[in-house]
Amino acid sequence: MEDRDHRDSDVEGRPRASDFIRDAIREDLASGRFDRVHTRFPPEPNAYLHIGHAKAVWIDYGIACDFGGKFNLRFDDTNPLKEEQEFVDAVIEDVRWLGADWEDRLFYASDYFEQMYQWACDLIRKGKAYVCDLSAEDVRSTRGTLTEPGRNSPFRNRSVEENLDLFARMRAGEYPDASRTLRARIDMASPNLLLRDPVMYRIIHAPHHRQGDAWCIYPTYDWAHGLEDSIEGVTHSLCSQEYEIHRPLYDWFLIELGIYRPRQIEFGRLNMTHTVMSKRRFIELVEGGYVSGYDDPRLPTLAGLRRRGVTPDAIREFCGRIGIAKGNSVVDSAVLDDCVRDDLNRTSPRTMAVLRPLKVVLTNYPENQTEEMEVVINPEDPAAGSRTALFARELWIEQEDFREDPPPNYFRMAPGREVRLRAAYIVRCNEVIKDAEGNVVELRCTYDPESRGGTAPDGRKVKATLHWLAAAVAKAATIRLYGPLFVTADPDDVAEDGTFTDNLNPDSMVEIEGLVPPEVAAAPCGTRYQFERIGYFCVDRDSTPEHPALNRTVTLRDTWAKLEKREP
RNA sequence: UGCCGGAUAGCUCAAUUGGCAGAGCGGCUGACUCUGGAUCAGCAGGUUCUAGGUUCGAGCCCUAGUCCGGCAGCCA
């Protein structure tokens, strides 16, 4: 392995700052503590993954790739009360979608239960674990507090034989739920509360999604996790910062057992502005009806981001940009938007759709004539080639692209003014037609037949270029415009007795009926487009050929909107 | 309150053995143009949490303090 190859640049040769985890791994390699790198992503199958998990995946998988090592996907399925196959399937889909490759190493902690049981017996034989009859409440009350030591359990000094017998009976199902536990015999006075004789096994008579009724005792996280890493030969067990205090326990079990010991390293969790990032908050939002489900495009779940149209590449780029630190961080959601634009700009075919239509009639264009105009599919990607768009006498343009009384620096259409219709002709607005209420309902324009393709032979400059759609082919479509879920950067920034839902953005989704060209109407779910001058959109799963539905992934950067906001 | 961790530009992160504090995002200017997008160029922005100390020299090492986060599930 040649880690130097990976030190200063990524796959595309861009410079990459090293981070403290990579530094630590290099030290381990140099010192000989490890001679290879093997990481794992260990989700519990009890919830949907979010972008914070994506960060963890990219740390784990990215590091394995950088050091020519291996990466496992392992379900930490040690609690039958919370876990379901449904989540296993969803997590697999999400991690695969992200692009992390675990090859043939998909593992389940529950497959190690027998080995864990044997090791627990070893610890009992060493006098390092005992069966405790205390209730959960008694365990709590004897644990002590942050400032006072705990008291030893009255069962702490049982004989090895008795412990072995009792533990076997726990496994055999002789005792009811929660009546006994197996505890590690460490130190009830430790300043680290986790070391005060932590529970290793609890009795739960519940079927496990993979093990069925094979077990009625289940290992706790602290006991199980290091064993799982050890069994799989993981070298670096990377986890989020709240596990830091668990590390002494992770090490203690492995050292007492005398088995292979990986190194746990913790990194800070990801938070983002204008959103929430916890399972509990997602549940509140879904159950409160504030969002439509766990795949609502406003949620930072991977399912939601995917439905919104965000690409795995954009997420990977994001994870690279935010870096890795020891402390928790709050990343500006604009950084994600930027990554999304960056990727979609390179890869999305362009098309013209009209969100809020205004009719244009070209009075000098022959009644029955139509033309196929050639349009570049993606100026950033010449290989994408071109397509044609139907041009005709009656067209739709965007309402915003016309002002009867244009402010200074407004270059788009206005009475008497010329603009270019993209890839078509230069047109001039001659007449404004209004309804009874005075709303502009139609523009009468003339086109310059000499300007086919968009340039005039006399070389005159036209400042604005508008997108358009021929009325004859435009299809009505539901278009959902998504914005930030919360108005405030920090959703928890609330009044005294307020709650985070007070900060929900009432306009986080605006659903409108717009018009799209035929190829968009026919596109399958998941197809992404750039609607020129508007933003990036993705065909939603509710889309039908009869009535298409698209979600706005992110807007284009809009300098005009910024300008207008500044000088009202 | 005990233990652990963190604090560097508005935000997120860098800064080899102690050696001129940098980048990305955001903000602002400008150039360009058949997307007012993209792209490109430039500018502003810092008492490196505070107070001491060691040192020729401290973001980095030492001492004391401040603030923030994590931990008292038979969750992970």
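Both backbone and side-chain heavy atoms feed into the values below; hydrogens, waters and symmetry mates do not.
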**Message:** Under 4.0 Å between a side-chain nitrogen and a carboxylate oxygen: does that hold for A:E398 and A:R412?
**Reply:** no
**Request:** Could you work out which one of B:A72, B:A76, B:C75 sits closest to the side chain of A:Y243?
**Result:** B:A76
Enumerate all atom pairs, one protein N or O and one N or O from nucleotides 58-62 of chain B, separated by less than 3.5 Å.
none

**Request:** Could you tell me whether B:G26 is syn or anti, where syn means a glycosidic angle within 90 degrees of zero?
**Result:** anti
**Asked** Do A:R350 and B:U35 have a side chain to base donor-acceptor pair shorter than 3.5 Å?
**Response** yes
**Request:** Give a yes/no on whether any side-chain N or O of A:R143 is located under 4.0 angstrom from OP1 or OP2 of B:C74.
**Result:** yes
**Asked** If you take atom types as modelled and just measure distance, does the side chain of A:E148 reach the base of B:U1 with a donor-acceptor pair under 3.5 Å?
**Response** no
**Closest listed nucleotide, where the reference is the side chain of A:T145 and the choices are B:U39, B:A72, B:C74** = B:A72
**Message:** For RNA chain B, report each stem as range with range, ordered by first number, or say none. Use Watson-Crick or G-U wobble pairs under 3.5 Å, at least 3 in a row.
**Reply:** B:2-7 with B:66-71, B:10-13 with B:22-25, B:27-31 with B:39-43, B:49-53 with B:61-65
**Prompt:** Expressed in angstrom and rounded to an integer, what is the separation of A:D332 atom CG from B:C11 atom P?
**Reply:** 10 Å
**Asked** Picking from B:G37, B:C25, B:G5, which would you name as closest to the side chain of A:E244?
**Response** B:G5
**Asked** Say you pick atom C1' in B:C28 and the same atom in B:G45; how far apart are they, in whole Å?
**Response** 11 Å
**Asked** Given B:C25, B:C75, B:G36, which nucleotide is nearest the side-chain atoms of A:R533?
**Response** B:G36
**Item:** Distance below 4.0 Å between A:T78 side-chain N/O and B:A76 OP1 or OP2
**Value:** yes
